[in-house]
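Here is the structure we will look at.
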Amino acid sequence: MSRKGAGNKYYTTVVANIREYRLPTILTPTFMIGEVIMEMVIPLLMASIIDDGVNKGDMNHILQVGGLMFIAAAAGLLFGLGGAYCGARASTGLAKNLRRAEFEHIQRFSFANIDHFGVSSLITRMTTDVANIQNSFQMVLRIGFRAPASLLIAMVMAFFISPRLTSIYLIAVVVLAIFLGFMMRRAAKYFREVFSRYDDLNESVQENITGIRVVKSFVREEYENDKFKKAVGTLYRSFIRAEKLVVTNMPVMMGSVYACILLLSWFGAKMITAGDLTTGGLMSLLAYCMTILMNLMMVSVLIVMFTMSEASITRIAEVLDEEITLTNPSQPDMVVPDGSIRFEHVSFSYNDTAEKPVLDDIDLEIASGETIGIIGGTGSSKSSLVNLIPRLYDATKGSVQVGGKDVKTYDLDTLRKEVAVVLQKNVLFSGTVLENLRWGNPDATEQECIAACRLACADEFIQNLPEGYQTHIEQGGTNVSGGQRQRLCIARALLKNPKVLILDDSTSAVDTATDAKIREAFREKIPDTTKLIIAQRISSVEHADRIIVMEEGRINGVGTHEELLASNEIYRDVYESQIKGSGDFDKQGR
Amino acid sequence: MAEKENNQSTGTMRGPGRGPGRGRVMGQRPKLEHPWKLFGRVLGYVMKRYKLHFIVVLCCIVVSVLANLRGTLFTRTLIDSYIMPLLKSSDPDFGPLAAAIGRVAIFYAVGVLASFIQNLIMVYVTQGTMRDLRTDLFTHMESLPISYFDMHQHGDIMSVYTNDVDTLRQMVSQSITQVFNACITVVSTLSAMIMLSWPLTLLSLFMVGVTMFATSKAAGASGKYFVAQQQHLGKVNGFVEEMMKGLKVVKVFSHEEINQNTFDALNEDLYESADKAIRYSNALGPLNAQIGNVSYVLCAIMGGALALKGFGGFTLGGLAAYLTLNRSFAMPINQISTQLNSIVMALAGADRIFKLLDEKSESDNGYVTLVNAKIDTDGTVTESAQKTGQWAWKHTHQADGTTDYRALTGKIVMDHVDFGYVPEKEVLHDITLFAEPGQKIAFVGSTGAGKTTITNLINRFYDIDDGKIRYDDINVNKIRKSDLRRSLGMVLQDTHLFTGTVMDNIRYGKLDATDEEVIEAAKLAGADGFIRQLKDGYQTKLSGDGGNLSQGQRQLLSIARAAIADPPALILDEATSSIDTRTERIVSEGMDALMKGRTTFVIAHRLSTVRNADCIMVLENGRIIERGTHDDLIAQKGKYYQLYTGNQITA
């Protein structure tokens with residue numbers, strides 16, 4: 001129980017989300033206990049039928065008590081249905097609230113928060129984990145109250161019939177509880193091991209599905225089969241070990257029930273003969289026997305289930321308790337005056353523990369309307385540099401300014417509307433082309449959308465799609481080519497009508513000719529917008545007003561194409577490697 | 001009793017088939033064409049190895065049911081034959097009672113032992129079957145042609161391993177024995193009940209009918225809402241997945257509020273249907289339990305009356321025994337009826353499992369094999385048991401059984417090849433090309449022109465429709481697929497790395513490679529530098545398809561992996577596309593060293609990569625429209641010239 005202390009905070013976070021479902025949450029156990037009481041009354045009345053009815057030959061009594069039993073059963077049914085109704089409502093309600101709270105909170109996450117969890121982990125936390133909690137919450141509310149209540153009430157009833165015989169149960173319960181407790185602890189440990197092996201196994205299947213071409217081209221089918229067989233063998237052994245423990249439960253359980261029955265029969269018979277117990281009483285005691293021990297078993301299963309859902313509780317609470325690292329200022333500026341940008345001794349790290357900063361003492365001034373090219377090898381922190389401008393991350397040291405003011409003073413939405421960035425990993429969403437474009441501006445007319453697409457050289461291919469601007473885009477934009485997707489993303493950003501436009505390697509899949517056309521259009525149609533273009537290809541940046549060469553988180557050189565060719569070694573290197581046959585054949589974009 | 005309902009929820013909790021996007025969950029009741037045939041096939045699969053186990057299990061079930069029944073009937077004997085006489089006797093003798101209890105104790109012990117053995121054996125049967133099933137699925141999957149993976153969503157294949165195998169596990173471990181158990185219990189209990197009192201039996205049967213009617217109503221309603229719940233759950237999960245993946249874009253466009261509204265609406269729909277679905281399935285428990293209680297009450301009243309009148313010799317002890325029997329009679333029937341849904345679910349899963357197992361494996365009629373060879377100065381080739389660094393094709397002629405050897409040189413010829421992924425749509429038309437040993441052949445052209453497709457035909461990922469492909473003048477159809485592929489190294493644009501260390505991943509190309517060989521290969525591919533900078537160098541663990549490396553680094557690793565395999569011919573499909581141009585220059589030396597002396601097919605969109613090829617093929621719409629060296633093609637002033645100078649204009 002040592003983990004209780006650490007986990008308490010998580011439980012509170014999750015339980016707080018019951019909110020408007022408090023009533024069903026309280027009613028469910030109430031109904032369940034009601035149902036149990038009614039069920040327990042029935043064997044008691046049964047004893048009366050036998051002792052005062054059958055044994056005394058009183059038919060009237062049989063009918064009267066029978067009627068009472070009937071009423072008890074009916075009431076039990078009502079309580080049971082009430083519990084069913086409220087339990088469903090409370091658990092699905094909690095699940096709904098949890099999903100909502102998570103989604104809401106995640107929407108407010110900064111990029112740093114998102115990186116902290118990772119996308120696939122966030123998805124699991126919003127889907128599978130919530131389902132797990134819904135399940136176990138309902139279990140706790142219904143069975144969690146029902147089973148101990150049955151146990152307790154049956155014991156009390158049995159006590160009323162015969163305190164002496166009840167001691168048989170007491171002994172059985174204690175022995176069984178110790179046994180089950182021991183068993184379940186071991187089993188829970190083994191099962192956790194099973195699950196982690198199972199996850200590994202699934203991961204290796206997944207790898208083999210996605211990497212089947214590699215497997216086949218290296219003719220590694222046999223090798224993979226052997227590896228898999230070994231893993232399956234290990235899983236098999238851990239499963240057997242865990243399940244073997246579980247199956248010993250049943251015989252021990254049944255053995256206890258039978259032992260109780262036999263002991264009851266023996267001592268009961270003696271007591272009846274001595275006049276200390278009635279025949280009906282013995283029959284009722286026999287009926288309680290099963291109830292008591294079965295419910296004890298239920299409680300132990302419940303505890304195991306609950307410890308298993310503990311992981312889900314923790315994972316959800318972690319999301320809900322995550323502190324948002326980037327927030328709106330209390331009195332935000334709502335206007336960005338112009339598209340000038342300034343970096344003042346800016347350093348940046350993704351986490352505090354990193355030895356080397358990702359950006360190191362960047363000093364830079366960009367005038368409004370300027371076109372800036374950024375070039376540098378992988379890992380030279382080009383993306384990190386531009387991500388600071390729309391405040392996707394906050395600088396660790398120094399100040400990043402747009403329009404003469406620190407980005408931290410602006411309203412986030414306003415800043416991000418004025419500083420449009422086309423991310424390297426850009427995504428389209430399921431919906432029509434037009435709907436996707438309107439992410440940039442929900443109020444854009446169709447004409448405006450078409451104009452933006454012309455600027456991004458996307459209009460032509462959209463017109464050629466089967467349904468033009470009404471064509472449905474699949475999730476992630478998988479039904480358009482890479483180059484088409486990039487151009488759509490540029491058009492979407494253009495619709496913001498931003499003061500600063502950042503293209504983070506956004507034309508890498510667009511052929512060189514189209515790439516040039518897009519840049520040409522930018523120069524003519526949006527001359528006042530500050531443009532930052534990150535690219536691998538020299539041809540994409542060489543006509544920029546200035547080019548920044550990045551190397552290992554620092555600015556290695558700034559200047560025009562000619563200046564850099566003359567003075568910057570890295571730039572010259574890249575240029576020469578490309579001019580030997582520059583650019584691309586592929587990805588015509590059509 | 002009402003506790004029974006939990007079996008199902010326990011099952012879903014335990015299911016380790018975690019992860020989002022599991023489309024099929026409980027509740028949806030799919031239509032099956034031949035449920036009994038499927039059930040038979042599942043049973044057959046289990047029986048294949050565990051026939052003996054199963055017979056023992058069946059015996060155990062019979063023994064434990066009968067022992068249990070004998071125990072229940074003891075209640076009558078206890079009251080009628082012992083307690084009643086004892087009550088009347090003035091000098092009670094407990095000896096006979098003790099003896100009777102002793103006898104029953106033996107029965108009980110036998111029953112418990114039988115059920116323990118049964119459960120224990122079932123653990124081995126279930127887990128053993130699951131082990132075999134997983135292995136069969138996996139080995140079969142590995143043997144399937146590439147086209148299978150093209151045509152099926154990877155998520156769907158994955159779901160067979162997780163969801164379907166898991167639901168089947170529950171069916172094998174629980175449902176099958178439960179069905180047997182129920183049948184035996186119902187028959188034996190019913191006979192005992194009739195023996196005790198036939199009028200009461202009629203009443204019990206009637207009440208079972210009532211229960212079944214009520215539960216089927218509730219189950220029906222629940223099932224209807226479960227289907228709705230699954231649909232809504234799919235929508236919510238889909239939306240969550242999409243928006244989490246695009247979360248950064250969402251933030252860049254300040255789209256949070258609109259998303260929240262959409263999500264809230266979807267979430268509300270899910271809540272509504274889940275609430276109803278669960279409500280009705282929850283109701284099953286109390287309905288079963290309380291109708292059971294009513295049955296108990298009615299039997300008590302009627303039985304009381306019968307015992308009072310002594311109808312047909314019905315006694316008080318008989319009543320006590322009957323009431324217990326009444327319970328154990330209704331229990332299995334309720335169990336089966338509430339579990340029907342999960343049995344159908346499991347069968348649907350079994351259907352998908354068998355579909356995968358029934359898929360046709362990649363066919364391979366090749367008989368020409370690749371062997372280590374010794375080539376003498378006069379050109380005669382002999383097979384060698386040791387590694388010689390030289391290879392030869394061993395050609396056993398089918399007509400007369402003679403064998404001859406031909407040195408592997410790497411000459412590859414395609415002769416009027418047509419191909420289509422589906423018969424209706426041909427994607428490659430009349431492809432003819434010659435690659436002399438050691439030549440570098442490049443393919444250029446736009447996406448979808450068919451470059452990758454051509455390379456996939458050479459190693460027979462797909463089989464051609466018409467024409468011939470020859471490798472060292474042997475039709476590739478005659479070469480055993482595994483040997484053909486071993487002779488061709490492949491580096492793909494989508495690199496796939498496996499969970500394990502960097503060392504393991506490079507060694508994948510040659511399983512018995514020493515550490516030194518691995519490092520040598522990494523140096524050749526220009527990967528050594530960055531590997532040494534990783535936290536644990538060559539022992540750094542890669543997880544989730546090498547997610548902790550950049551795309552460029554992953555490509556370097558996959559080049560090293562191909563290098564260590566040391567194949568006579570190479571296929572490089574956009575192998576350096578994600579390596580930035582500066583790094584590429586560093587790699588290019590290694591690449592040149594790698595390609596030296598090997599027949600190489602290169603697909604690339606960077607001109608620098610293809611320029612020094614011996615022959616460049618320009619592809620358009622599945623046809624080779626131009627071919628020749630760089631200089632030839634420039635002189636031709638065709639498509640290649642256009643592409644090339646087009647770049648020059650904008651450059």
Side-chain angles (χ1 to χ4, degrees), chain A residues 49 53-54 62 66 69 73 76-77 80 84 88 92 96 103 107 119 122-123 126-128 135 195 198 205 207 209 211-212 214 217 219 221 225 228 232 236 239-240 243 247 251 254-255 258 262 265 269 273 283 377-378 413 416 427 439 475 512 516 539 577 580-586 588, chain B residues 13 16 18 20 78 83 86 92 108 112 116 119 123 127 131 134 138-139 142 149 154 157 161 237 240-242 244 246 249 253-254 256 263 271 274-275 278-279 282-283 286 290 293-294 297 301 304 307 320 444 446 482 485-486 490 496 552 580-582 585 605 607-608 611 643 647 650-651:
Chain A
I49 285 193
V54 182
I62 293 178
M69 280 170 88
L77 183 62
T92 53
K96 176 182 84 169
F103 195 83
Q107 295 274 305
V119 167
L122 284 177
I123 295 172
M126 278 209 68
T127 51
T128 320
N135 256 336
F195 291 153
Y198 199 81
V205 174
E207 277 177 1
I209 297 174
I212 189 74
V214 175
S217 67
V219 198
E221 290 99 328
N225 285 344
F228 188 81
V232 168
Y236 167 77
F239 243 128
I240 295 270
E243 298 254 353
V247 295
M254 290 315 293
Y258 290 147
L262 293 177
S265 304
T273 330
M283 284 177 68
T378 9
D413 288 358
R416 288 180 186 164
V427 190
W439 273 62
Q475 186 176 333
T512 2
S539 64
S577 75
K580 282 202 301 185
S582 70
D584 296 48
F585 277 127
D586 197 10
Q588 287 292 294
Chain B
M13 256 301 293
R18 271 174 252 148
L78 175 71
I83 295 180
L86 283 172
Y108 278 149
V112 168
F116 176 64
N119 282 318
V123 168
Q127 291 308 327
R131 180 190 58 191
R134 288 198 183 101
F138 190 84
T139 36
E142 293 285 300
F149 298 90
H154 291 175
I157 306 175
Y161 285 88
N237 289 357
V240 165
E241 201 175 323
E242 177 164 20
M244 291 299 136
V249 177
F253 284 92
S254 306
E256 295 93 334
F263 178 78
Y271 159 69
D275 183 27
I278 295 179
R279 183 192 302 165
N282 276 354
Q290 301 309 331
N293 279 336
V294 169
V297 172
I301 299 173
V444 298
S446 52
S482 55
R485 287 176 190 161
R486 267 200 290 154
M490 249 197 152
H496 287 288
D580 62 274
T581 33
R582 250 188 120 220
R585 279 183 68 192
H605 65 265
L607 277 175
S608 55
R611 223 176 148 220
L643 285 165
N647 286 321
T650 55

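Letters go in sequence order (proteins before strands), and every chain restarts at 1. Here the structure is a predicted model, which is why all the values come from computation and not from measurement.
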Among the options B:D275, B:V297, B:N119, pick out the one with the most heavy-atom pairs lying under 4.5 Å from chain A. B:D275

Measure the CE-CG distance between A:M69 and B:N293 for me, rounded to the nearest 0.5 Å. 8.0 Å

If you look at every heavy atom in B:F116 and A:V247, which pair is closest and at what distance? CD1-O, 4.0 Å

Atom group of B:L78 that falls short of 4.5 Å from chain A, counting heavy atoms: side chain

Work out which heavy atom in B:A283 is nearest to a heavy atom in A:A84; give both atom names and the distance. N-CB, 3.7 Å

Check each atom of B:L86 against the heavy atoms of chain A and say whether the ones under 4.5 Å are side chain, backbone, both or neither. both

Side chain, backbone, both or neither of A:M283 within contact of chain B (heavy atoms, under 4.5 Å): side chain

When A:I49, A:L122, A:V232 are compared by non-hydrogen pairs under 4.5 Å with chain B, the top option: A:V232

Pair count under 4.5 Å, heavy atoms only, with chain A: among B:T139, B:I157, B:V240, highest is B:T139

Scanning both residues in full, the closest heavy-atom pair of A:W439 with B:F253 reads O-CD2, 3.6 Å

Might you point out which heavy atoms bring A:A73 and B:Q290 nearest each other, and give the distance in Å? O-OE1, 3.4 Å

What closest approach, in Å, do B:S254 and A:D413 show between heavy atoms, and which atom pair accounts for it? OG-OD1, 3.2 Å

If you compare all heavy atoms of B:I278 against all heavy atoms of A:T92, which two are closest, and at what distance to 0.1 Å? CD1-CG2, 3.6 Å

Is it the side chain or the backbone of B:F149 that comes within 4.5 Å of chain A heavy atoms, both, or neither? side chain

Residue, of B:M244, B:M490, B:R486, that accumulates the most heavy atom pairs under 4.5 Å with chain A: B:M244

What option among A:G80, A:G53, A:P251 has the most heavy-atom pairs under 4.5 Å with chain B? A:P251

Residue pair B:R134 / A:F228, side-chain heavy-atom distance below 4.5 Å: yes

Is any side-chain heavy atom of A:I212 less than 4.5 Å from a side-chain heavy atom of B:E142? yes

